[in-house]
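These notes concern the structure reproduced below.
The first residue of the sequence shown is numbered 1, and numbering continues consecutively from there. Values reported hereafter were calculated over all heavy atoms of this structure, with side chains retained and with hydrogens, waters and symmetry mates removed.
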Amino acid sequence: MVNARALLVTGGAGFIGSGYVRYLLRNALADRIHVLDKLTYSGNPTTLDSFSDDPRVEFIEGDICDPATVNHAVDGCDAIVNFAAETHVDRSLFDPAEFIQTNVQGTLVLLDAARERTGTRFVQVSTDEVYGAVLDGYSRESDPLYPRNPYSASKAGAEMLAISYAETHGVDVVITRGSNTYGPFQYPEKFIPLMITNLFERKAVPVYGDGLQVRHWVHVDDHCSGIDTALRFGASGEIYNVGSDDERTNLEVVKQVLSLVDAPEDLITHVADRPGHDRRYALSSEKLRGIGWEPKRAFDEGIADTVRWYRENRDWWEPIRDGSFQEYYRRNYDNREQAHPGARREA
Ligand code: NAD
Ligand code: DAU
(Lines give C-alpha, C1' and ligand atoms only; values in the text may rest on other atoms or scores of the structure.)
(Ligands and ions follow the chains in the order given, each with its own letter.)
Protein backbone atom coordinates (compact mmCIF):
# COMPACT_ATOMS: atom_id res chain seq x y z
CA MET A 1 0.00 0.00 0.00
CA VAL A 2 1.17 3.54 -0.81
CA ASN A 3 0.53 5.81 2.17
CA ALA A 4 0.38 9.13 0.29
CA ARG A 5 -0.58 11.94 2.68
CA ALA A 6 0.86 14.89 0.73
CA LEU A 7 -0.35 15.12 -2.84
CA LEU A 8 0.14 17.32 -5.86
CA VAL A 9 -3.20 17.40 -7.70
CA THR A 10 -2.91 19.02 -11.12
CA GLY A 11 -6.05 20.28 -12.82
CA GLY A 12 -7.76 20.62 -9.43
CA ALA A 13 -9.89 23.58 -10.56
CA GLY A 14 -11.57 21.38 -13.17
CA PHE A 15 -14.40 18.89 -12.95
CA ILE A 16 -12.85 15.60 -11.80
CA GLY A 17 -9.69 17.12 -10.25
CA SER A 18 -11.80 19.29 -7.93
CA GLY A 19 -14.00 16.29 -7.18
CA TYR A 20 -10.86 14.41 -6.19
CA VAL A 21 -9.72 17.18 -3.83
CA ARG A 22 -13.15 17.16 -2.15
CA TYR A 23 -13.01 13.35 -1.97
CA LEU A 24 -9.60 13.44 -0.24
CA LEU A 25 -10.76 16.06 2.26
CA ARG A 26 -14.10 14.38 2.97
CA ASN A 27 -12.39 11.06 3.71
CA ALA A 28 -9.40 12.57 5.58
CA LEU A 29 -7.01 10.92 3.12
CA ALA A 30 -4.47 13.74 2.95
CA ASP A 31 -2.75 16.18 5.29
CA ARG A 32 -1.48 18.40 2.50
CA ILE A 33 -2.82 18.97 -1.03
CA HIS A 34 -1.09 21.22 -3.54
CA VAL A 35 -3.52 22.10 -6.33
CA LEU A 36 -1.74 23.23 -9.50
CA ASP A 37 -4.00 24.62 -12.22
CA LYS A 38 -3.55 27.05 -15.11
CA LEU A 39 -7.19 28.16 -14.91
CA THR A 40 -7.88 27.70 -18.60
CA TYR A 41 -11.44 28.21 -19.84
CA SER A 42 -12.49 24.95 -18.11
CA GLY A 43 -10.75 25.66 -14.80
CA ASN A 44 -12.95 27.76 -12.62
CA PRO A 45 -11.90 29.86 -9.60
CA THR A 46 -15.45 29.45 -8.23
CA THR A 47 -14.92 25.70 -8.20
CA LEU A 48 -11.90 26.26 -5.94
CA ASP A 49 -14.21 28.02 -3.45
CA SER A 50 -15.53 24.59 -2.47
CA PHE A 51 -12.24 23.93 -0.60
CA SER A 52 -10.27 27.18 -0.54
CA ASP A 53 -10.86 27.70 3.21
CA ASP A 54 -9.42 24.31 4.14
CA PRO A 55 -5.95 24.71 5.69
CA ARG A 56 -4.81 21.43 4.10
CA VAL A 57 -5.11 22.90 0.59
CA GLU A 58 -2.72 25.28 -1.17
CA PHE A 59 -3.64 26.58 -4.62
CA ILE A 60 -0.89 27.37 -7.11
CA GLU A 61 -1.91 28.99 -10.38
CA GLY A 62 0.41 27.76 -13.11
CA ASP A 63 1.11 25.59 -16.11
CA ILE A 64 2.18 21.94 -15.92
CA CYS A 65 4.36 22.63 -18.97
CA ASP A 66 6.57 24.96 -16.91
CA PRO A 67 9.30 22.98 -15.08
CA ALA A 68 10.01 25.71 -12.48
CA THR A 69 6.34 25.92 -11.49
CA VAL A 70 6.03 22.15 -11.33
CA ASN A 71 9.19 21.77 -9.22
CA HIS A 72 7.87 24.33 -6.77
CA ALA A 73 4.40 22.74 -6.65
CA VAL A 74 5.64 19.18 -6.10
CA ASP A 75 7.93 20.13 -3.23
CA GLY A 76 7.07 18.11 -0.12
CA CYS A 77 4.60 15.81 -1.94
CA ASP A 78 4.81 12.03 -1.99
CA ALA A 79 2.46 11.56 -4.96
CA ILE A 80 1.40 13.38 -8.11
CA VAL A 81 -2.08 12.83 -9.53
CA ASN A 82 -2.28 14.35 -12.99
CA PHE A 83 -5.75 15.51 -14.03
CA ALA A 84 -4.59 18.64 -15.90
CA ALA A 85 -5.48 18.35 -19.56
CA GLU A 86 -7.32 19.75 -22.51
CA THR A 87 -10.33 17.46 -22.39
CA HIS A 88 -13.01 18.24 -24.98
CA VAL A 89 -12.97 16.08 -28.11
CA ASP A 90 -14.79 18.68 -30.25
CA ARG A 91 -12.22 21.36 -29.36
CA SER A 92 -9.40 18.96 -30.27
CA LEU A 93 -10.76 18.94 -33.82
CA PHE A 94 -10.23 22.74 -33.99
CA ASP A 95 -7.01 23.22 -31.97
CA PRO A 96 -5.06 19.95 -31.67
CA ALA A 97 -1.74 21.68 -30.89
CA GLU A 98 -3.03 22.82 -27.48
CA PHE A 99 -3.86 19.20 -26.68
CA ILE A 100 -0.38 17.97 -27.58
CA GLN A 101 1.22 20.77 -25.57
CA THR A 102 -0.66 20.25 -22.30
CA ASN A 103 -1.49 16.57 -22.49
CA VAL A 104 1.86 15.28 -23.79
CA GLN A 105 4.48 17.96 -23.04
CA GLY A 106 2.88 18.76 -19.67
CA THR A 107 2.89 15.09 -18.66
CA LEU A 108 6.56 14.90 -19.63
CA VAL A 109 7.42 17.82 -17.32
CA LEU A 110 5.55 16.15 -14.45
CA LEU A 111 7.27 12.82 -15.11
CA ASP A 112 10.65 14.56 -14.98
CA ALA A 113 9.72 16.03 -11.61
CA ALA A 114 8.72 12.56 -10.35
CA ARG A 115 11.94 11.08 -11.70
CA GLU A 116 14.01 13.54 -9.66
CA ARG A 117 12.17 12.55 -6.46
CA THR A 118 12.67 8.87 -5.79
CA GLY A 119 9.64 7.23 -4.24
CA THR A 120 7.12 9.70 -5.64
CA ARG A 121 4.13 7.83 -7.06
CA PHE A 122 2.81 9.25 -10.32
CA VAL A 123 -0.82 8.65 -11.28
CA GLN A 124 -1.69 9.49 -14.87
CA VAL A 125 -5.44 10.02 -15.18
CA SER A 126 -6.32 8.72 -18.63
CA THR A 127 -9.44 7.74 -20.51
CA ASP A 128 -11.38 4.88 -22.09
CA GLU A 129 -11.08 6.82 -25.35
CA VAL A 130 -7.54 5.46 -25.86
CA TYR A 131 -9.07 2.07 -26.83
CA GLY A 132 -11.06 3.66 -29.65
CA ALA A 133 -14.54 2.43 -30.54
CA VAL A 134 -15.50 -0.93 -29.03
CA LEU A 135 -18.56 -2.27 -30.82
CA ASP A 136 -18.91 -5.47 -28.76
CA GLY A 137 -17.67 -6.66 -25.41
CA TYR A 138 -15.54 -4.70 -22.95
CA SER A 139 -12.06 -3.16 -23.11
CA ARG A 140 -9.46 -4.69 -20.85
CA GLU A 141 -6.21 -3.06 -19.81
CA SER A 142 -4.14 -5.40 -22.03
CA ASP A 143 -6.11 -4.51 -25.21
CA PRO A 144 -4.33 -2.61 -27.97
CA LEU A 145 -4.84 1.17 -28.17
CA TYR A 146 -6.53 2.72 -31.17
CA PRO A 147 -7.24 6.40 -30.42
CA ARG A 148 -9.34 7.96 -33.18
CA ASN A 149 -9.36 11.70 -32.42
CA PRO A 150 -6.62 14.22 -31.51
CA TYR A 151 -7.72 14.34 -27.84
CA SER A 152 -7.51 10.58 -27.35
CA ALA A 153 -4.29 10.41 -29.38
CA SER A 154 -2.73 12.97 -27.01
CA LYS A 155 -3.91 10.99 -23.97
CA ALA A 156 -2.48 7.77 -25.45
CA GLY A 157 0.79 9.62 -26.09
CA ALA A 158 0.92 10.73 -22.45
CA GLU A 159 0.36 7.15 -21.31
CA MET A 160 3.18 5.89 -23.52
CA LEU A 161 5.53 8.46 -22.02
CA ALA A 162 4.51 7.47 -18.50
CA ILE A 163 5.15 3.78 -19.22
CA SER A 164 8.49 4.65 -20.82
CA TYR A 165 9.54 6.54 -17.65
CA ALA A 166 8.56 3.55 -15.53
CA GLU A 167 10.59 1.22 -17.72
CA THR A 168 13.68 3.35 -18.31
CA HIS A 169 13.92 5.53 -15.20
CA GLY A 170 12.10 3.41 -12.62
CA VAL A 171 9.42 6.04 -11.96
CA ASP A 172 6.58 4.59 -9.86
CA VAL A 173 3.76 5.03 -12.40
CA VAL A 174 0.10 3.96 -12.25
CA ILE A 175 -2.39 4.75 -15.04
CA THR A 176 -6.18 4.93 -14.75
CA ARG A 177 -8.54 4.88 -17.73
CA GLY A 178 -11.93 6.29 -16.82
CA SER A 179 -15.31 6.11 -18.52
CA ASN A 180 -17.49 9.10 -19.35
CA THR A 181 -17.95 10.93 -16.08
CA TYR A 182 -20.86 13.06 -14.88
CA GLY A 183 -21.82 15.00 -11.76
CA PRO A 184 -21.54 18.50 -10.24
CA PHE A 185 -19.03 21.12 -11.45
CA GLN A 186 -18.71 19.79 -15.02
CA TYR A 187 -18.11 22.49 -17.62
CA PRO A 188 -21.32 22.89 -19.65
CA GLU A 189 -19.75 22.16 -23.05
CA LYS A 190 -19.87 18.45 -22.17
CA PHE A 191 -22.90 16.41 -23.17
CA ILE A 192 -24.80 15.99 -19.88
CA PRO A 193 -24.37 19.51 -18.45
CA LEU A 194 -24.98 20.97 -21.92
CA MET A 195 -28.29 19.09 -22.13
CA ILE A 196 -29.29 20.10 -18.59
CA THR A 197 -28.45 23.79 -18.91
CA ASN A 198 -29.95 24.13 -22.40
CA LEU A 199 -33.14 22.47 -21.22
CA PHE A 200 -33.45 24.68 -18.14
CA GLU A 201 -33.62 27.52 -20.65
CA ARG A 202 -35.98 25.54 -22.93
CA LYS A 203 -33.36 25.64 -25.68
CA ALA A 204 -32.72 22.91 -28.24
CA VAL A 205 -30.40 20.03 -27.35
CA PRO A 206 -28.04 19.11 -30.19
CA VAL A 207 -27.67 15.35 -30.62
CA TYR A 208 -24.86 14.29 -32.94
CA GLY A 209 -25.98 12.01 -35.78
CA ASP A 210 -28.55 9.37 -34.88
CA GLY A 211 -27.83 9.61 -31.12
CA LEU A 212 -27.37 5.86 -30.86
CA GLN A 213 -23.72 6.09 -29.80
CA VAL A 214 -23.13 4.28 -26.52
CA ARG A 215 -21.25 5.46 -23.44
CA HIS A 216 -20.76 4.01 -19.97
CA TRP A 217 -21.42 6.68 -17.34
CA VAL A 218 -19.55 6.76 -14.05
CA HIS A 219 -20.39 9.26 -11.31
CA VAL A 220 -17.55 11.66 -10.49
CA ASP A 221 -17.40 10.43 -6.86
CA ASP A 222 -16.94 6.84 -8.06
CA HIS A 223 -14.34 7.89 -10.62
CA CYS A 224 -12.43 9.69 -7.84
CA SER A 225 -12.59 6.73 -5.47
CA GLY A 226 -11.33 4.55 -8.34
CA ILE A 227 -8.34 6.82 -8.95
CA ASP A 228 -7.59 6.88 -5.23
CA THR A 229 -7.79 3.08 -5.02
CA ALA A 230 -5.30 2.82 -7.89
CA LEU A 231 -3.03 5.39 -6.19
CA ARG A 232 -2.96 3.56 -2.86
CA PHE A 233 -3.42 -0.11 -3.78
CA GLY A 234 -2.38 -0.28 -7.44
CA ALA A 235 0.80 -2.09 -8.42
CA SER A 236 3.61 -0.03 -9.87
CA GLY A 237 3.58 0.06 -13.69
CA GLU A 238 -0.02 -1.15 -13.91
CA ILE A 239 -3.09 0.24 -15.68
CA TYR A 240 -6.61 0.20 -14.18
CA ASN A 241 -9.91 0.82 -15.97
CA VAL A 242 -12.48 2.84 -13.98
CA GLY A 243 -15.87 2.10 -15.50
CA SER A 244 -19.45 1.35 -14.61
CA ASP A 245 -22.15 -1.00 -15.83
CA ASP A 246 -24.38 1.94 -16.70
CA GLU A 247 -24.46 1.69 -20.47
CA ARG A 248 -26.76 4.13 -22.30
CA THR A 249 -27.24 5.50 -25.79
CA ASN A 250 -26.98 9.26 -25.99
CA LEU A 251 -30.67 9.46 -26.89
CA GLU A 252 -31.58 7.48 -23.77
CA VAL A 253 -29.59 9.95 -21.65
CA VAL A 254 -31.26 12.95 -23.28
CA LYS A 255 -34.73 11.49 -22.77
CA GLN A 256 -33.97 10.82 -19.12
CA VAL A 257 -32.80 14.42 -18.63
CA LEU A 258 -35.88 15.72 -20.52
CA SER A 259 -38.14 13.90 -18.12
CA LEU A 260 -36.22 15.14 -15.06
CA VAL A 261 -36.60 18.76 -16.14
CA ASP A 262 -40.08 18.20 -17.54
CA ALA A 263 -39.19 19.45 -21.04
CA PRO A 264 -40.79 18.36 -24.33
CA GLU A 265 -39.10 15.88 -26.67
CA ASP A 266 -39.33 18.26 -29.64
CA LEU A 267 -36.34 20.12 -28.14
CA ILE A 268 -34.15 17.21 -29.31
CA THR A 269 -32.38 18.33 -32.49
CA HIS A 270 -30.31 15.92 -34.54
CA VAL A 271 -27.31 17.76 -35.99
CA ALA A 272 -24.34 16.68 -38.13
CA ASP A 273 -22.27 14.00 -36.47
CA ARG A 274 -18.85 14.53 -34.85
CA PRO A 275 -16.15 13.52 -37.35
CA GLY A 276 -14.55 10.25 -36.23
CA HIS A 277 -17.24 9.81 -33.58
CA ASP A 278 -16.53 6.64 -31.60
CA ARG A 279 -19.69 4.53 -31.66
CA ARG A 280 -19.24 2.85 -28.29
CA TYR A 281 -16.92 2.77 -25.28
CA ALA A 282 -17.25 0.06 -22.64
CA LEU A 283 -14.78 -0.88 -19.93
CA SER A 284 -14.26 -3.97 -17.86
CA SER A 285 -13.23 -2.77 -14.38
CA GLU A 286 -12.60 -6.23 -13.00
CA LYS A 287 -8.93 -5.46 -12.32
CA LEU A 288 -9.70 -2.39 -10.19
CA ARG A 289 -12.47 -4.25 -8.36
CA GLY A 290 -9.82 -6.88 -7.61
CA ILE A 291 -7.90 -4.33 -5.50
CA GLY A 292 -10.96 -3.19 -3.58
CA TRP A 293 -12.87 -0.64 -5.67
CA GLU A 294 -16.62 -0.64 -6.05
CA PRO A 295 -18.78 2.07 -7.65
CA LYS A 296 -21.60 3.28 -5.38
CA ARG A 297 -23.75 5.57 -7.53
CA ALA A 298 -26.23 4.07 -10.02
CA PHE A 299 -26.87 6.30 -13.02
CA ASP A 300 -30.59 6.75 -12.40
CA GLU A 301 -29.96 8.17 -8.95
CA GLY A 302 -26.77 10.06 -9.92
CA ILE A 303 -28.36 11.83 -12.90
CA ALA A 304 -31.29 13.00 -10.77
CA ASP A 305 -28.82 14.43 -8.20
CA THR A 306 -26.82 16.06 -10.97
CA VAL A 307 -29.89 17.78 -12.45
CA ARG A 308 -30.75 18.97 -8.94
CA TRP A 309 -27.22 20.34 -8.45
CA TYR A 310 -27.37 22.37 -11.68
CA ARG A 311 -30.83 23.64 -10.73
CA GLU A 312 -29.53 24.82 -7.35
CA ASN A 313 -26.18 26.20 -8.57
CA ARG A 314 -27.03 28.60 -11.35
CA ASP A 315 -24.44 31.01 -9.88
CA TRP A 316 -21.78 28.50 -10.86
CA TRP A 317 -22.78 27.79 -14.47
CA GLU A 318 -24.65 30.86 -15.73
CA PRO A 319 -21.54 33.11 -15.90
CA ILE A 320 -19.63 30.35 -17.69
CA ARG A 321 -22.21 30.19 -20.47
CA ASP A 322 -21.54 33.81 -21.40
CA GLY A 323 -18.65 35.29 -23.40
CA SER A 324 -16.14 32.81 -24.79
CA PHE A 325 -18.56 29.90 -24.32
CA GLN A 326 -20.97 31.49 -26.80
CA GLU A 327 -18.12 31.97 -29.28
CA TYR A 328 -17.18 28.31 -28.95
CA TYR A 329 -20.82 27.27 -29.23
CA ARG A 330 -21.25 29.11 -32.53
CA ARG A 331 -18.00 27.68 -33.87
CA ASN A 332 -18.95 24.12 -33.00
CA TYR A 333 -22.67 24.13 -33.75
CA ASP A 334 -23.28 26.69 -36.53
CA ASN A 335 -21.69 24.49 -39.22
CA ARG A 336 -23.76 21.61 -38.02
CA GLU A 337 -26.88 23.66 -38.50
CA GLN A 338 -25.84 24.43 -42.08
CA ALA A 339 -25.62 20.68 -42.65
CA HIS A 340 -29.05 20.37 -41.00
CA PRO A 341 -30.96 23.56 -41.83
CA GLY A 342 -33.86 22.60 -39.58
CA ALA A 343 -31.65 22.57 -36.49
CA ARG A 344 -32.14 25.22 -33.85
CA ARG A 345 -29.50 27.78 -33.08
CA GLU A 346 -29.38 29.07 -29.56
CA ALA A 347 -27.21 27.88 -26.63
P1 NAD B 1 -11.74 19.68 -17.15
O2 NAD B 1 -11.59 20.22 -18.53
O3 NAD B 1 -12.98 19.95 -16.38
O4 NAD B 1 -10.53 20.18 -16.23
C5 NAD B 1 -9.21 20.26 -16.70
C6 NAD B 1 -8.44 21.16 -15.74
O7 NAD B 1 -7.05 21.19 -16.16
C8 NAD B 1 -8.93 22.61 -15.73
O9 NAD B 1 -9.05 23.06 -14.41
C10 NAD B 1 -7.82 23.37 -16.47
O11 NAD B 1 -7.67 24.72 -16.05
C12 NAD B 1 -6.60 22.54 -16.11
N13 NAD B 1 -5.51 22.70 -17.08
C14 NAD B 1 -5.59 22.64 -18.44
N15 NAD B 1 -4.38 22.83 -18.98
C16 NAD B 1 -3.51 23.02 -17.95
C17 NAD B 1 -2.12 23.25 -17.87
N18 NAD B 1 -1.36 23.34 -18.97
N19 NAD B 1 -1.54 23.36 -16.65
C20 NAD B 1 -2.30 23.28 -15.52
N21 NAD B 1 -3.62 23.08 -15.54
C22 NAD B 1 -4.22 22.94 -16.74
O23 NAD B 1 -11.46 18.12 -17.30
P24 NAD B 1 -12.03 16.87 -16.51
O25 NAD B 1 -13.23 16.39 -17.20
O26 NAD B 1 -12.06 17.19 -15.07
O27 NAD B 1 -10.87 15.80 -16.79
C28 NAD B 1 -9.80 15.64 -15.87
C29 NAD B 1 -8.92 14.50 -16.37
O30 NAD B 1 -9.69 13.30 -16.43
C31 NAD B 1 -8.34 14.71 -17.76
O32 NAD B 1 -7.01 14.26 -17.78
C33 NAD B 1 -9.22 13.85 -18.66
O34 NAD B 1 -8.50 13.41 -19.79
C35 NAD B 1 -9.57 12.72 -17.72
N36 NAD B 1 -10.86 12.04 -17.98
C37 NAD B 1 -12.01 12.74 -18.06
C38 NAD B 1 -13.22 12.08 -18.24
C39 NAD B 1 -14.55 12.80 -18.35
O40 NAD B 1 -15.55 12.19 -18.70
N41 NAD B 1 -14.64 14.07 -18.03
C42 NAD B 1 -13.23 10.68 -18.33
C43 NAD B 1 -12.02 9.98 -18.26
C44 NAD B 1 -10.83 10.69 -18.07
O1 DAU C 1 -15.01 8.68 -22.37
C2 DAU C 1 -14.22 9.50 -21.57
C3 DAU C 1 -14.20 10.88 -22.18
O4 DAU C 1 -15.51 11.40 -22.01
C5 DAU C 1 -13.18 11.81 -21.55
O6 DAU C 1 -11.90 11.31 -21.77
C7 DAU C 1 -13.31 13.21 -22.18
O8 DAU C 1 -12.43 14.12 -21.52
C9 DAU C 1 -14.74 13.69 -21.98
O10 DAU C 1 -14.92 14.93 -22.65
C11 DAU C 1 -15.71 12.66 -22.56
O12 DAU C 1 -15.60 12.57 -24.00
P13 DAU C 1 -16.87 12.35 -24.92
O14 DAU C 1 -16.58 12.85 -26.26
O15 DAU C 1 -17.37 10.96 -24.83
O16 DAU C 1 -17.92 13.27 -24.11
P17 DAU C 1 -18.91 14.43 -24.58
O18 DAU C 1 -19.57 14.92 -23.34
O19 DAU C 1 -18.27 15.45 -25.44
O20 DAU C 1 -19.94 13.60 -25.45
C21 DAU C 1 -20.64 12.47 -24.93
C22 DAU C 1 -21.43 11.87 -26.07
O23 DAU C 1 -22.45 12.79 -26.45
C24 DAU C 1 -20.61 11.61 -27.32
O25 DAU C 1 -21.10 10.44 -27.95
C26 DAU C 1 -20.88 12.82 -28.19
C27 DAU C 1 -22.32 13.18 -27.83
N28 DAU C 1 -22.65 14.62 -27.94
C29 DAU C 1 -21.85 15.52 -27.31
C30 DAU C 1 -22.12 16.86 -27.38
C31 DAU C 1 -21.22 17.88 -26.70
C32 DAU C 1 -23.78 15.01 -28.61
O33 DAU C 1 -24.52 14.19 -29.19
N34 DAU C 1 -24.05 16.35 -28.69
C35 DAU C 1 -23.26 17.30 -28.11
O36 DAU C 1 -23.58 18.51 -28.24
Considering only distance and modelled atom types, tabulate donor-acceptor pairs under 3.5 Å from the side chains of residues 61-68, sequence neighbours left out.
residue, atom, partner, partner atom, Å
Asp63, OD1, Cys65, N, 2.8
Asp66, OD2, Thr69, N, 3.4
Asp66, OD2, Thr69, OG1, 2.3

Taking the side chain as everything from C-beta on, heavy atoms only, tell me whether [X] gets closer than 4.5 Å to [Y].
{"X": "Tyr131", "Y": "Ser152", "answer": "no"}
{"X": "Glu86", "Y": "Gln101", "answer": "no"}
{"X": "Asn180", "Y": "His216", "answer": "no"}
{"X": "Arg289", "Y": "Glu294", "answer": "yes"}

Test: [X] and [Y] ion pair at under 4.0 Å:
{"X": "Arg331", "Y": "Asp95", "value": "yes"}
{"X": "Arg297", "Y": "Asp305", "value": "yes"}
{"X": "Arg248", "Y": "Asp246", "value": "yes"}

Ring of [Y], cation from [X] - is the NZ or CZ under 6.0 Å from the centre and inside 45° of the axis?
{"X": "Arg91", "Y": "Tyr328", "answer": "yes"}
{"X": "Arg177", "Y": "Tyr240", "answer": "no"}
{"X": "Arg280", "Y": "Tyr138", "answer": "yes"}

Handout entry: Spatial distance of atom OG1 (Thr197) from atom CD1 (Ile192) [nearest 0.5 Å]
Key =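 Rounded to the nearest 0.5 Å, the OG1-CD1 separation comes out at 11.5 Å.
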Practice task
Answer with yes or no after comparing the ring centroid distance for Tyr182 and His219 against a 6.0 Å cut-off, counting only values under it.
Solution key: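 Yes, the ring centres sit under 6.0 Å apart.
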Handout entry: Ring-ring centroid check Phe185 Trp309, cutoff 6.0 Å
Key =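 Aromatic pair counts; centres sit under 6.0 Å.
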Practice task
Walk me through it: do Asp210 and Arg279 pass the test salt bridge (charged side-chain N to carboxylate O under 4.0 Å, His left out)?
Solution key: CA-CA 11 Å; Asp210 61 10; Arg279 195 70 177 163; 2.7 Å; yes
Handout entry: Stepwise salt bridge (charged side-chain N to carboxylate O under 4.0 Å, His left out) check, Arg56 with Asp31
Key = CA-CA 6 Å; Arg56 291 169 289 182; Asp31 305 316; over 6 Å; no
Fill in the blank from the handout: The complete set of ring pair (Phe, Tyr, Trp, His ring centres under 6.0 Å) pairs with one or both residues in residues 33-73, sequence neighbours excluded, reads Tyr41-Tyr187
Exercise for the section: Determine, stepwise, if the pair Thr176 / Ile239 fulfils side-chain contact (heavy atoms from CB on, under 4.5 Å). Expected result: CA-CA 6 Å; Thr176 62; Ile239 299 168; over 6 Å; no
Fill in the blank from the handout: What one should report as the nearest heavy-atom pair of Leu108 and Tyr165 is CD1-OH, 3.4 Å
